[in-house]
Amino acid sequence: MSYTSQSCDQAASLWLANNLPPEILSHLKFSGCPDTAIDSSFKLGNAAQTSIGLSGLAAAYVFSLRTGNMQDVSVHARHAILDISSHRQGILNILQCDPTREAIQAALLQWNARFFEDEAVKQKMCVSAYRSFEEWDKHPQAAALRGTPPIQLIKIGEAPKRDIKESPQFPLEGIRVLDLCRVLSGPVCGRTLAAYGADVLLVTSPKLPDLPALDVGTSRSKRTTQLDLTQAPQNDRLKELIKDTDVFLQAYRPGGLQEKGFGPQELAKIRPGIVCANLTAYGWEGPWKHKRGFDSHVQTATGFNWAEAEAFAKFNGLPVVDKPEPRALPVHALDHVAGYFLAFGIQAAIAKMITEGGSWEVRASLAAVAQWLRSLGQLSPDTAFGDGKLLPKRMDPPNLEVVALSVTLHEATGDKRNVEGPLRTMTAIRHAARLSVTPVKNVETPMGLNRHRPVWLPYV
(Lines give C-alpha, C1' and ligand atoms only; values in the text may rest on other atoms or scores of the structure.)
Protein backbone atom coordinates (compact mmCIF):
# COMPACT_ATOMS: atom_id res chain seq x y z
CA MET A 1 0.00 0.00 0.00
CA SER A 2 1.28 3.46 -0.86
CA TYR A 3 1.25 5.68 2.23
CA THR A 4 0.63 8.88 0.25
CA SER A 5 -3.05 9.49 1.03
CA GLN A 6 -4.79 10.25 4.27
CA SER A 7 -7.10 7.27 3.77
CA CYS A 8 -4.09 4.94 3.64
CA ASP A 9 -2.53 6.51 6.72
CA GLN A 10 -5.74 6.32 8.72
CA ALA A 11 -6.42 2.72 7.68
CA ALA A 12 -2.90 1.68 8.66
CA SER A 13 -3.15 3.48 12.01
CA LEU A 14 -6.44 1.82 12.98
CA TRP A 15 -5.35 -1.60 11.74
CA LEU A 16 -2.12 -1.54 13.73
CA ALA A 17 -3.83 -0.06 16.81
CA ASN A 18 -5.82 -3.28 17.04
CA ASN A 19 -2.67 -5.42 16.93
CA LEU A 20 -3.33 -6.89 13.50
CA PRO A 21 -0.43 -8.06 11.30
CA PRO A 22 1.17 -5.15 9.39
CA GLU A 23 2.03 -7.25 6.32
CA ILE A 24 -1.68 -7.54 5.48
CA LEU A 25 -1.86 -3.77 4.80
CA SER A 26 -0.07 -4.17 1.46
CA HIS A 27 -3.26 -5.78 0.10
CA LEU A 28 -5.40 -2.65 0.59
CA LYS A 29 -5.73 -0.50 -2.53
CA PHE A 30 -7.40 2.93 -2.57
CA SER A 31 -8.24 4.90 -5.73
CA GLY A 32 -10.08 8.08 -6.68
CA CYS A 33 -9.88 11.48 -5.03
CA PRO A 34 -11.57 11.42 -1.61
CA ASP A 35 -11.37 15.21 -1.14
CA THR A 36 -13.73 15.86 -4.08
CA ALA A 37 -15.89 12.74 -3.76
CA ILE A 38 -18.70 14.74 -2.08
CA ASP A 39 -19.57 18.39 -1.47
CA SER A 40 -18.63 18.78 2.19
CA SER A 41 -15.92 20.62 4.08
CA PHE A 42 -15.35 17.46 6.13
CA LYS A 43 -13.30 14.61 4.77
CA LEU A 44 -16.19 12.25 4.22
CA GLY A 45 -14.49 10.60 1.25
CA ASN A 46 -11.54 9.65 3.45
CA ALA A 47 -13.85 8.42 6.21
CA ALA A 48 -15.95 6.30 3.86
CA GLN A 49 -12.96 4.87 2.04
CA THR A 50 -11.08 4.09 5.27
CA SER A 51 -13.97 2.39 7.08
CA ILE A 52 -15.16 0.38 4.08
CA GLY A 53 -11.59 -0.56 3.20
CA LEU A 54 -10.85 -1.81 6.71
CA SER A 55 -14.02 -3.90 6.82
CA GLY A 56 -13.04 -5.50 3.50
CA LEU A 57 -9.41 -6.04 4.52
CA ALA A 58 -10.50 -7.72 7.76
CA ALA A 59 -12.71 -10.07 5.72
CA ALA A 60 -9.79 -10.90 3.45
CA TYR A 61 -7.59 -11.54 6.52
CA VAL A 62 -10.15 -13.93 8.03
CA PHE A 63 -10.32 -15.71 4.66
CA SER A 64 -6.53 -16.07 4.64
CA LEU A 65 -6.57 -17.56 8.15
CA ARG A 66 -9.12 -20.13 6.99
CA THR A 67 -7.58 -21.00 3.60
CA GLY A 68 -3.97 -19.79 3.56
CA ASN A 69 -4.78 -17.50 0.60
CA MET A 70 -4.67 -13.71 0.90
CA GLN A 71 -6.41 -11.43 -1.61
CA ASP A 72 -6.41 -7.73 -2.50
CA VAL A 73 -9.15 -5.30 -1.45
CA SER A 74 -9.82 -2.16 -3.49
CA VAL A 75 -12.09 0.81 -2.72
CA HIS A 76 -12.77 3.79 -4.99
CA ALA A 77 -13.54 7.02 -3.09
CA ARG A 78 -16.62 8.04 -5.10
CA HIS A 79 -18.07 4.52 -4.94
CA ALA A 80 -17.53 4.57 -1.18
CA ILE A 81 -19.48 7.84 -0.89
CA LEU A 82 -22.38 6.49 -2.95
CA ASP A 83 -22.33 3.38 -0.76
CA ILE A 84 -22.92 5.48 2.38
CA SER A 85 -25.56 7.74 0.83
CA SER A 86 -28.14 5.51 0.90
CA HIS A 87 -39.91 9.49 18.98
CA ARG A 88 -41.93 12.46 18.19
CA GLN A 89 -44.76 12.08 20.83
CA GLY A 90 -42.36 12.21 23.78
CA ILE A 91 -41.05 15.56 22.55
CA LEU A 92 -44.61 16.92 22.25
CA ASN A 93 -45.28 15.88 25.86
CA ILE A 94 -42.38 18.05 27.01
CA LEU A 95 -43.40 21.02 24.85
CA GLN A 96 -47.13 20.71 25.63
CA CYS A 97 -48.11 21.72 22.11
CA ASP A 98 -49.94 20.52 19.03
CA PRO A 99 -48.11 18.24 16.53
CA THR A 100 -47.59 20.95 13.87
CA ARG A 101 -44.36 22.56 12.67
CA GLU A 102 -45.60 26.03 13.65
CA ALA A 103 -46.69 24.96 17.14
CA ILE A 104 -43.45 23.06 17.82
CA GLN A 105 -41.34 25.99 16.60
CA ALA A 106 -43.25 28.47 18.77
CA ALA A 107 -42.99 26.21 21.82
CA LEU A 108 -39.27 25.61 21.33
CA LEU A 109 -38.63 29.35 21.25
CA GLN A 110 -39.86 29.51 24.85
CA TRP A 111 -37.06 27.17 25.97
CA ASN A 112 -33.35 27.67 26.51
CA ALA A 113 -31.77 25.07 24.19
CA ARG A 114 -29.55 23.54 26.90
CA PHE A 115 -32.42 23.34 29.42
CA PHE A 116 -34.66 21.67 26.86
CA GLU A 117 -31.91 19.21 25.99
CA ASP A 118 -31.45 18.35 29.69
CA GLU A 119 -35.19 17.84 30.19
CA ALA A 120 -35.37 15.62 27.09
CA VAL A 121 -32.49 13.49 28.40
CA LYS A 122 -34.34 13.03 31.71
CA GLN A 123 -37.38 11.79 29.80
CA LYS A 124 -35.23 9.53 27.56
CA MET A 125 -35.99 11.45 24.36
CA CYS A 126 -33.66 11.97 21.39
CA VAL A 127 -32.86 15.69 21.31
CA SER A 128 -29.61 17.63 20.91
CA ALA A 129 -28.89 21.33 21.30
CA TYR A 130 -27.13 23.09 18.41
CA ARG A 131 -23.48 23.71 19.30
CA SER A 132 -20.25 24.94 17.79
CA PHE A 133 -17.03 22.94 18.12
CA GLU A 134 -15.89 25.40 20.79
CA GLU A 135 -19.06 24.85 22.82
CA TRP A 136 -18.88 21.08 22.43
CA ASP A 137 -15.25 21.01 23.57
CA LYS A 138 -16.37 22.51 26.90
CA HIS A 139 -19.05 19.86 27.44
CA PRO A 140 -18.26 17.11 30.00
CA GLN A 141 -19.22 14.42 27.48
CA ALA A 142 -16.57 15.71 25.08
CA ALA A 143 -14.04 15.44 27.91
CA ALA A 144 -15.15 11.86 28.62
CA LEU A 145 -14.63 10.92 24.96
CA ARG A 146 -11.13 12.36 24.51
CA GLY A 147 -8.68 9.67 23.50
CA THR A 148 -11.42 7.15 22.69
CA PRO A 149 -10.76 5.49 19.30
CA PRO A 150 -13.63 5.01 16.83
CA ILE A 151 -13.48 1.24 17.32
CA GLN A 152 -12.43 -0.75 20.40
CA LEU A 153 -11.71 -4.45 20.90
CA ILE A 154 -11.82 -5.70 24.49
CA LYS A 155 -11.17 -9.27 25.63
CA ILE A 156 -13.95 -10.21 28.07
CA GLY A 157 -13.36 -13.90 28.71
CA GLU A 158 -11.28 -16.99 28.05
CA ALA A 159 -12.13 -19.57 25.40
CA PRO A 160 -10.07 -22.00 23.28
CA LYS A 161 -8.92 -21.07 19.80
CA ARG A 162 -11.50 -21.61 17.08
CA ASP A 163 -10.71 -24.03 14.27
CA ILE A 164 -12.80 -22.90 11.29
CA LYS A 165 -10.43 -23.51 8.38
CA GLU A 166 -12.56 -25.66 6.03
CA SER A 167 -12.71 -24.43 2.41
CA PRO A 168 -15.17 -21.51 2.43
CA GLN A 169 -16.48 -19.85 -0.70
CA PHE A 170 -16.84 -16.56 1.21
CA PRO A 171 -14.67 -15.17 4.05
CA LEU A 172 -17.40 -15.48 6.71
CA GLU A 173 -19.14 -18.59 5.43
CA GLY A 174 -20.29 -20.66 8.41
CA ILE A 175 -20.12 -17.67 10.79
CA ARG A 176 -23.43 -17.08 12.56
CA VAL A 177 -24.51 -13.55 13.48
CA LEU A 178 -27.47 -12.43 15.59
CA ASP A 179 -28.35 -8.89 14.48
CA LEU A 180 -30.55 -6.99 16.97
CA CYS A 181 -30.30 -3.56 15.38
CA ARG A 182 -32.48 -0.83 13.92
CA VAL A 183 -31.66 2.45 12.15
CA LEU A 184 -28.93 2.66 10.61
CA SER A 185 -25.41 1.97 11.83
CA GLY A 186 -25.96 -1.51 13.25
CA PRO A 187 -27.99 -2.71 10.23
CA VAL A 188 -25.20 -1.48 7.91
CA CYS A 189 -22.73 -3.55 9.93
CA GLY A 190 -24.94 -6.67 9.72
CA ARG A 191 -25.44 -6.15 5.99
CA THR A 192 -21.67 -5.99 5.52
CA LEU A 193 -21.11 -9.25 7.41
CA ALA A 194 -23.84 -10.89 5.31
CA ALA A 195 -22.14 -9.65 2.13
CA TYR A 196 -18.98 -11.47 3.22
CA GLY A 197 -20.92 -14.71 3.63
CA ALA A 198 -22.10 -14.81 7.26
CA ASP A 199 -25.49 -16.27 8.16
CA VAL A 200 -26.98 -13.06 9.59
CA LEU A 201 -30.31 -13.50 11.39
CA LEU A 202 -31.98 -10.13 11.92
CA VAL A 203 -34.13 -10.28 15.07
CA THR A 204 -36.68 -7.50 15.57
CA SER A 205 -39.57 -7.01 17.97
CA PRO A 206 -43.15 -7.48 16.72
CA LYS A 207 -44.07 -4.55 19.00
CA LEU A 208 -41.99 -2.06 17.03
CA PRO A 209 -43.09 -0.58 13.69
CA ASP A 210 -41.48 -1.60 10.41
CA LEU A 211 -39.25 0.97 8.70
CA PRO A 212 -39.59 -0.26 5.10
CA ALA A 213 -37.59 2.57 3.51
CA LEU A 214 -34.57 1.55 5.63
CA ASP A 215 -35.24 -2.13 6.27
CA VAL A 216 -35.24 -3.17 2.62
CA GLY A 217 -31.82 -1.65 1.97
CA THR A 218 -30.11 -2.74 5.18
CA SER A 219 -31.44 -6.33 5.26
CA ARG A 220 -29.79 -7.37 2.01
CA SER A 221 -28.54 -10.98 2.17
CA LYS A 222 -29.85 -11.38 5.74
CA ARG A 223 -32.60 -13.62 7.07
CA THR A 224 -35.29 -11.95 9.18
CA THR A 225 -37.32 -13.12 12.18
CA GLN A 226 -39.18 -11.62 15.13
CA LEU A 227 -39.06 -12.35 18.87
CA ASP A 228 -40.79 -10.55 21.73
CA LEU A 229 -38.15 -10.63 24.46
CA THR A 230 -40.70 -9.63 27.11
CA GLN A 231 -42.27 -13.10 26.66
CA ALA A 232 -40.39 -15.87 28.48
CA PRO A 233 -40.63 -18.53 25.73
CA GLN A 234 -39.28 -16.14 23.08
CA ASN A 235 -36.60 -14.85 25.44
CA ASP A 236 -35.57 -18.48 25.94
CA ARG A 237 -35.54 -18.99 22.17
CA LEU A 238 -33.00 -16.18 21.81
CA LYS A 239 -30.83 -17.82 24.48
CA GLU A 240 -30.90 -21.06 22.49
CA LEU A 241 -29.80 -19.18 19.37
CA ILE A 242 -26.98 -17.55 21.33
CA LYS A 243 -25.55 -20.95 22.28
CA ASP A 244 -24.66 -21.53 18.62
CA THR A 245 -23.89 -18.00 17.47
CA ASP A 246 -20.47 -16.52 16.78
CA VAL A 247 -21.44 -12.82 16.85
CA PHE A 248 -24.07 -10.94 18.85
CA LEU A 249 -24.63 -7.49 17.32
CA GLN A 250 -26.86 -5.00 19.11
CA ALA A 251 -27.67 -1.30 19.09
CA TYR A 252 -30.48 -1.12 21.65
CA ARG A 253 -30.62 1.84 24.02
CA PRO A 254 -27.65 1.67 26.43
CA GLY A 255 -28.30 -1.06 28.99
CA GLY A 256 -31.53 -2.16 27.32
CA LEU A 257 -30.51 -5.74 26.54
CA GLN A 258 -28.38 -6.08 29.65
CA GLU A 259 -31.56 -5.60 31.68
CA LYS A 260 -32.96 -8.66 29.88
CA GLY A 261 -29.88 -10.77 30.66
CA PHE A 262 -28.00 -10.22 27.40
CA GLY A 263 -25.04 -8.08 28.46
CA PRO A 264 -21.51 -8.96 27.24
CA GLN A 265 -20.52 -10.88 30.38
CA GLU A 266 -23.75 -12.89 30.37
CA LEU A 267 -23.34 -13.69 26.68
CA ALA A 268 -19.75 -14.86 27.21
CA LYS A 269 -21.02 -17.30 29.84
CA ILE A 270 -23.77 -18.65 27.56
CA ARG A 271 -21.41 -18.91 24.59
CA PRO A 272 -17.67 -18.87 25.40
CA GLY A 273 -15.80 -17.59 22.36
CA ILE A 274 -18.51 -15.14 21.33
CA VAL A 275 -17.98 -11.69 19.80
CA CYS A 276 -20.31 -9.12 21.41
CA ALA A 277 -20.60 -6.01 19.26
CA ASN A 278 -22.22 -2.95 20.83
CA LEU A 279 -23.09 0.42 19.35
CA THR A 280 -24.19 3.54 21.25
CA ALA A 281 -24.67 7.20 20.42
CA TYR A 282 -22.30 8.82 22.92
CA GLY A 283 -20.03 6.11 24.32
CA TRP A 284 -19.59 4.20 27.58
CA GLU A 285 -18.31 6.94 29.88
CA GLY A 286 -19.49 10.41 30.89
CA PRO A 287 -22.84 12.01 31.72
CA TRP A 288 -24.34 11.11 28.34
CA LYS A 289 -23.41 7.44 28.32
CA HIS A 290 -27.12 6.52 28.58
CA LYS A 291 -28.32 9.25 26.20
CA ARG A 292 -30.06 8.10 23.05
CA GLY A 293 -29.39 9.64 19.67
CA PHE A 294 -29.01 9.19 15.95
CA ASP A 295 -26.59 10.52 13.35
CA SER A 296 -28.34 13.91 13.03
CA HIS A 297 -28.42 14.43 16.81
CA VAL A 298 -24.71 13.72 17.18
CA GLN A 299 -23.84 16.00 14.25
CA THR A 300 -25.83 18.80 15.88
CA ALA A 301 -24.52 18.26 19.41
CA THR A 302 -20.84 18.01 18.52
CA GLY A 303 -20.49 21.05 16.24
CA PHE A 304 -20.50 19.60 12.72
CA ASN A 305 -23.61 21.41 11.47
CA TRP A 306 -22.23 24.72 12.74
CA ALA A 307 -18.78 24.26 11.17
CA GLU A 308 -20.26 23.05 7.86
CA ALA A 309 -22.51 26.12 7.77
CA GLU A 310 -19.57 28.46 8.36
CA ALA A 311 -17.55 26.82 5.58
CA PHE A 312 -20.49 27.07 3.15
CA ALA A 313 -20.98 30.75 3.99
CA LYS A 314 -17.29 31.44 3.28
CA PHE A 315 -17.56 29.64 -0.07
CA ASN A 316 -20.47 31.89 -1.04
CA GLY A 317 -18.68 35.05 0.11
CA LEU A 318 -21.15 35.66 2.91
CA PRO A 319 -20.29 36.96 6.38
CA VAL A 320 -19.97 34.31 9.07
CA VAL A 321 -22.65 35.20 11.62
CA ASP A 322 -22.51 34.42 15.33
CA LYS A 323 -24.92 31.50 14.99
CA PRO A 324 -25.31 30.35 11.39
CA GLU A 325 -28.31 28.41 10.11
CA PRO A 326 -27.38 24.72 10.61
CA ARG A 327 -26.10 22.83 7.57
CA ALA A 328 -26.22 19.04 7.84
CA LEU A 329 -23.64 16.80 6.23
CA PRO A 330 -24.83 15.61 2.79
CA VAL A 331 -24.90 11.94 3.88
CA HIS A 332 -25.44 10.08 7.16
CA ALA A 333 -21.69 9.71 7.45
CA LEU A 334 -21.52 8.98 11.18
CA ASP A 335 -24.05 6.16 10.91
CA HIS A 336 -22.43 4.47 7.93
CA VAL A 337 -18.82 4.92 8.98
CA ALA A 338 -19.64 3.59 12.46
CA GLY A 339 -21.35 0.60 10.85
CA TYR A 340 -18.33 -0.23 8.71
CA PHE A 341 -15.93 0.29 11.62
CA LEU A 342 -18.08 -2.08 13.67
CA ALA A 343 -17.89 -4.67 10.87
CA PHE A 344 -14.10 -4.20 10.82
CA GLY A 345 -13.90 -4.69 14.58
CA ILE A 346 -16.10 -7.80 14.55
CA GLN A 347 -13.98 -9.45 11.87
CA ALA A 348 -10.79 -8.44 13.67
CA ALA A 349 -12.23 -10.15 16.77
CA ILE A 350 -13.10 -13.26 14.71
CA ALA A 351 -9.48 -13.33 13.56
CA LYS A 352 -8.35 -13.13 17.18
CA MET A 353 -10.71 -15.99 18.08
CA ILE A 354 -8.83 -18.06 15.50
CA THR A 355 -5.31 -16.96 16.45
CA GLU A 356 -5.65 -16.35 20.22
CA GLY A 357 -9.02 -17.64 21.41
CA GLY A 358 -11.14 -15.78 23.96
CA SER A 359 -14.45 -13.96 24.03
CA TRP A 360 -14.44 -10.38 22.75
CA GLU A 361 -16.44 -7.19 23.00
CA VAL A 362 -16.36 -4.70 20.11
CA ARG A 363 -17.44 -1.14 20.85
CA ALA A 364 -18.30 1.77 18.57
CA SER A 365 -20.15 5.01 19.22
CA LEU A 366 -21.36 7.72 16.87
CA ALA A 367 -19.71 10.39 19.02
CA ALA A 368 -16.31 8.66 18.94
CA VAL A 369 -16.61 8.34 15.16
CA ALA A 370 -17.49 12.06 15.01
CA GLN A 371 -14.40 12.85 17.10
CA TRP A 372 -12.25 10.79 14.69
CA LEU A 373 -13.82 12.44 11.62
CA ARG A 374 -13.13 15.88 13.07
CA SER A 375 -9.49 14.90 13.70
CA LEU A 376 -9.03 14.46 9.94
CA GLY A 377 -9.44 18.22 9.52
CA GLN A 378 -11.53 20.29 7.12
CA LEU A 379 -11.06 21.04 3.45
CA SER A 380 -10.93 24.57 2.11
CA PRO A 381 -14.40 25.91 1.19
CA ASP A 382 -13.39 26.15 -2.49
CA THR A 383 -12.31 22.49 -2.59
CA ALA A 384 -15.32 21.34 -0.61
CA PHE A 385 -18.12 23.16 -2.39
CA GLY A 386 -16.44 24.21 -5.64
CA ASP A 387 -14.78 20.93 -6.60
CA GLY A 388 -16.76 18.46 -4.47
CA LYS A 389 -19.26 16.35 -6.40
CA LEU A 390 -22.97 16.43 -5.68
CA LEU A 391 -24.87 13.24 -5.04
CA PRO A 392 -26.69 11.96 -8.13
CA LYS A 393 -30.32 13.03 -8.39
CA ARG A 394 -33.09 10.45 -8.39
CA MET A 395 -34.06 10.11 -12.03
CA ASP A 396 -36.06 7.89 -14.35
CA PRO A 397 -34.22 6.47 -16.18
CA PRO A 398 -31.57 6.26 -13.42
CA ASN A 399 -28.40 8.32 -13.41
CA LEU A 400 -25.66 6.60 -15.45
CA GLU A 401 -23.16 6.82 -12.59
CA VAL A 402 -25.61 4.98 -10.35
CA VAL A 403 -26.38 2.37 -13.01
CA ALA A 404 -22.69 1.55 -13.42
CA LEU A 405 -22.32 0.84 -9.68
CA SER A 406 -25.63 -0.96 -9.10
CA VAL A 407 -26.66 -4.56 -8.55
CA THR A 408 -30.09 -6.16 -8.92
CA LEU A 409 -31.35 -8.27 -6.02
CA HIS A 410 -34.27 -10.69 -5.96
CA GLU A 411 -36.84 -10.94 -3.19
CA ALA A 412 -36.29 -13.89 -0.87
CA THR A 413 -39.34 -16.01 -0.10
CA GLY A 414 -37.98 -17.07 3.27
CA ASP A 415 -38.74 -20.37 4.96
CA LYS A 416 -42.18 -19.20 6.13
CA ARG A 417 -43.31 -18.92 2.51
CA ASN A 418 -45.65 -16.07 3.43
CA VAL A 419 -44.93 -13.79 0.47
CA GLU A 420 -48.06 -12.79 -1.43
CA GLY A 421 -48.05 -11.88 -5.11
CA PRO A 422 -45.16 -12.03 -7.54
CA LEU A 423 -41.63 -11.76 -6.18
CA ARG A 424 -40.04 -8.36 -6.56
CA THR A 425 -36.57 -7.14 -7.44
CA MET A 426 -34.64 -4.15 -6.17
CA THR A 427 -31.66 -2.21 -7.45
CA ALA A 428 -29.02 -0.97 -5.01
CA ILE A 429 -25.48 0.39 -5.02
CA ARG A 430 -23.21 -2.63 -4.82
CA HIS A 431 -20.76 -3.01 -1.97
CA ALA A 432 -17.86 -0.57 -2.44
CA ALA A 433 -15.07 -2.89 -1.22
CA ARG A 434 -14.02 -5.21 -4.05
CA LEU A 435 -12.23 -8.39 -3.02
CA SER A 436 -10.07 -9.86 -5.76
CA VAL A 437 -10.88 -13.54 -5.08
CA THR A 438 -14.21 -13.71 -3.23
CA PRO A 439 -16.90 -11.37 -4.59
CA VAL A 440 -19.50 -10.27 -2.07
CA LYS A 441 -22.66 -12.30 -1.58
CA ASN A 442 -25.38 -10.11 -3.09
CA VAL A 443 -28.14 -12.31 -4.47
CA GLU A 444 -31.41 -11.72 -2.62
CA THR A 445 -33.09 -9.65 0.04
CA PRO A 446 -36.03 -10.55 2.28
CA MET A 447 -37.99 -7.26 1.80
CA GLY A 448 -39.82 -8.01 5.06
CA LEU A 449 -39.01 -8.35 8.77
CA ASN A 450 -40.49 -11.77 9.58
CA ARG A 451 -39.71 -14.03 6.64
CA HIS A 452 -37.81 -16.75 8.49
CA ARG A 453 -38.10 -19.01 11.51
CA PRO A 454 -35.76 -18.27 14.46
CA VAL A 455 -33.34 -21.10 13.65
CA TRP A 456 -29.83 -21.34 12.25
CA LEU A 457 -29.07 -22.64 8.80
CA PRO A 458 -27.28 -25.99 8.92
CA TYR A 459 -23.54 -25.93 8.32
CA VAL A 460 -22.67 -26.88 4.76
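Owing to the predicted nature of the structure, the values given are computational and were not obtained by experimental measurement. For the numbers below, each heavy atom of this structure counts, side chains included, while hydrogens, waters and symmetry mates do not.
- To the nearest 0.5 angstrom, L57 atom CG is 13.5 Å from I52 atom CD1.
- Distance alone, capped at 3.5 Å, is enough to place a donor-acceptor pair between the D228 side chain and the T230 backbone.
- Of the possible polar contacts, none joining the H76 side chain to the S31 backbone as a donor-acceptor pair under 3.5 Å is found.
- Under the 4.5 Å side-chain criterion, counting only non-hydrogen atoms from C-beta, V362 is in contact with V275.
- The aromatic rings of W306 and Y130 sit tilted relative to each other, their planes meeting at an angle between 30° and 60°.
- Formation of a donor-acceptor pair under 3.5 Å by the Q141 side chain with backbone atoms of Y282 is found in this model.
- Using the six-membered ring where Trp is involved, F248 and F262 have ring planes that are parallel, under 30° apart on the 30 and 60° scheme.
- For the pair A48 and I84, the tightest heavy-atom approach, listed with the atom from each and the gap, is CB-CD1, 3.9 Å.
- Panel note: side chain S64, backbone Y61; a donor-acceptor pair is recorded below 3.5 Å.
- Between L391 and L82, the shortest heavy-atom contact is CD2-CD2, 4.1 Å.
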| said: As a quick check of understanding, evaluate side-chain contact (heavy atoms from CB on, under 4.5 Å) for L44 and L329, giving each step before the final call. | reply: CA-CA 9 Å; L44 306 185; L329 301 180; 4.2 Å; yes

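- With 3.5 Å as the limit, one finds a donor-acceptor pair spanning the side chains of N305 and T300.
- In this structure the side chain of P454 never reaches within 4.5 angstrom of the side chain of V203, judged on heavy atoms.
- Remark: R434 CZ is loosely packed, at most 12 non-hydrogen atoms of other residues, nucleotides or ligands lying under 6.0 Å away.
- Each of H79, R78, K389 was evaluated against E401; a single residue qualifies, R78, per the side-chain hydrogen bond (donor to acceptor under 3.5 Å, both in side chains) test.
- To the nearest 0.5 Å, atoms CG (L178) and CG (L238) are separated by 6.0 Å.
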| task | Assess whether side-chain contact (heavy atoms from CB on, under 4.5 Å) is satisfied between L342 and I151, documenting all intermediate values. | result | CA-CA 7 Å; L342 202 58; I151 188 71; 4.1 Å; yes

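- Atom NZ of K314 is surrounded by 12 or fewer heavy atoms from other residues, nucleotides or ligands within 6.0 Å.
- Pairing each heavy atom of G32 with each of A77, the nearest pair is C-CB, 4.2 Å.
- Two residues are said to be in side-chain contact when any heavy atoms from C-beta on lie closer than 4.5 Å; L65 and T355 meet this criterion.
- Counting heavy-atom neighbours within 6.0 Å of E134 CD, excluding the residue itself, gives a total of 12 or less.
- Within 6.0 Å of CD on E356 lie more than 12 heavy atoms contributed by other residues, nucleotides or ligands.
- P171 is listed as a side-chain neighbour of L435, based on a closest heavy-atom distance under 4.5 Å.
- In this structure, OG1 on T383 lies 12.5 Å from CG on D39, to the nearest 0.5 angstrom.
- If you check the side chains of N46 and S7, you find a donor sitting under 3.5 Å from an acceptor.
- Side chains of E308 and S40: a donor-acceptor N/O pair is present below 3.5 angstrom, by distance only.
- K222 has a carboxylate O that lies under 4.0 Å from a charged side-chain N of D179, or vice versa, which qualifies the two as a salt bridge.
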| request: Apply the test side-chain contact (heavy atoms from CB on, under 4.5 Å) to residues K155 and W360: give CA-CA distance (whole Å), side-chain angles for both, the deciding distance (0.1 Å), then the verdict. | output: CA-CA 4 Å; K155 191 173 184 180; W360 296 83; 3.8 Å; yes

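- A donor-acceptor pair is defined here as one N or O able to donate and one able to accept, closer than 3.5 Å; such a pair exists between the side chain of Q49 and the backbone of V75.
- With rounding to the nearest 0.5 angstrom, the CG atom of L153 is 7.5 Å from the CG atom of L20.
- Note: R237 CZ to T225 OG1 = 9.0 Å, rounded to the nearest 0.5 Å.
- Considering all non-hydrogen atoms of both residues, V62 and Q347 come closest at CG2-O, 3.5 Å.
- Looking at every heavy atom in both residues, T445 comes nearest to M426 through CG2-SD, 3.5 Å.
- Between T192 and F344 there is no side-chain heavy-atom pair separated by less than 4.5 Å.
- Of the possible donor and acceptor atoms, one in the side chain of S185 sits under 3.5 Å from a partner among the backbone N and O of D335.
- With a 4.5 Å cut-off on side-chain heavy atoms, K43 and L379 count as touching.
- Looking only at side-chain heavy atoms (C-beta outward), L279 and C181 stay at 4.5 Å or farther from each other.
- Side-chain rings of F133 and F304 approach one another, their centers coming within less than 6.0 Å.
- With respect to the salt-bridge test (charged N to carboxylate O, under 4.0 angstrom), the residues R66 and D163 do not qualify.
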| said: Does I175 form a side-chain contact (heavy atoms from CB on, under 4.5 Å) with D199? I'd like the steps, not just the answer. | reply: CA-CA 6 Å; I175 298 294; D199 177 15; over 6 Å; no

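- Heavy-atom minimum distance, A311 versus F385: C-CE1, 3.8 Å.
- Under the 3.5 Å distance criterion, the side-chain polar atoms of S13 are left unmatched by any main-chain donor or acceptor of D9.
- Checking S380 against D382 by side-chain atom types alone, no donor-acceptor pair falls below 3.5 Å.
- Side chains of D72 and H27: a donor-acceptor N/O pair is present below 3.5 angstrom, by distance only.
- Between Q10 and T50, the side chains place no donor N or O within less than 3.5 Å of an acceptor N or O (distance only, hydrogens not considered).
- Defined by atom type and a distance below 3.5 Å, a donor-acceptor pair is missing between the side-chain atoms of E411 and T425.
- Taking the six-membered ring where the residue is Trp, W288 and W136 present tilted rings, their angle falling between 30° and 60°.
- Between the side chain of R220 and the backbone N or O of P446 there is no donor-acceptor pair closer than 3.5 Å.
- Between the side chain of K29 and the main chain of S26, a donor-acceptor pair closer than 3.5 Å is present.
- Within 6.0 Å of CD on Q169 lie no more than 12 heavy atoms contributed by other residues, nucleotides or ligands.
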| task | Show your working on side chain to side chain donor-acceptor pair (under 3.5 Å) between E158 and S359 and close with a plain yes or no. | result | CA-CA 6 Å; E158 298 298 329; S359 298; over 6 Å; no

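- Residues Q71 and T438 have side chains in contact (heavy-atom distance under 4.5 Å, counting atoms from C-beta outward).
- For the pair R176 (side chain) and L457 (backbone), a donor-acceptor distance under 3.5 Å is present.
- Once rounded to the nearest 0.5 Å, the distance linking CD1 of I38 with CG of L390 reads 7.5 Å.
- Taking the six-membered ring for Trp and thresholds of 30 and 60 degrees, Y340 and H431 have ring planes inclined between 30 and 60 degrees apart.
- Residue pairs meeting the salt bridge (charged side-chain N to carboxylate O under 4.0 Å, His left out) criterion with at least one member in residues 238-249, sequence neighbours excluded, are R162-D246, E240-K243, D246-R271.
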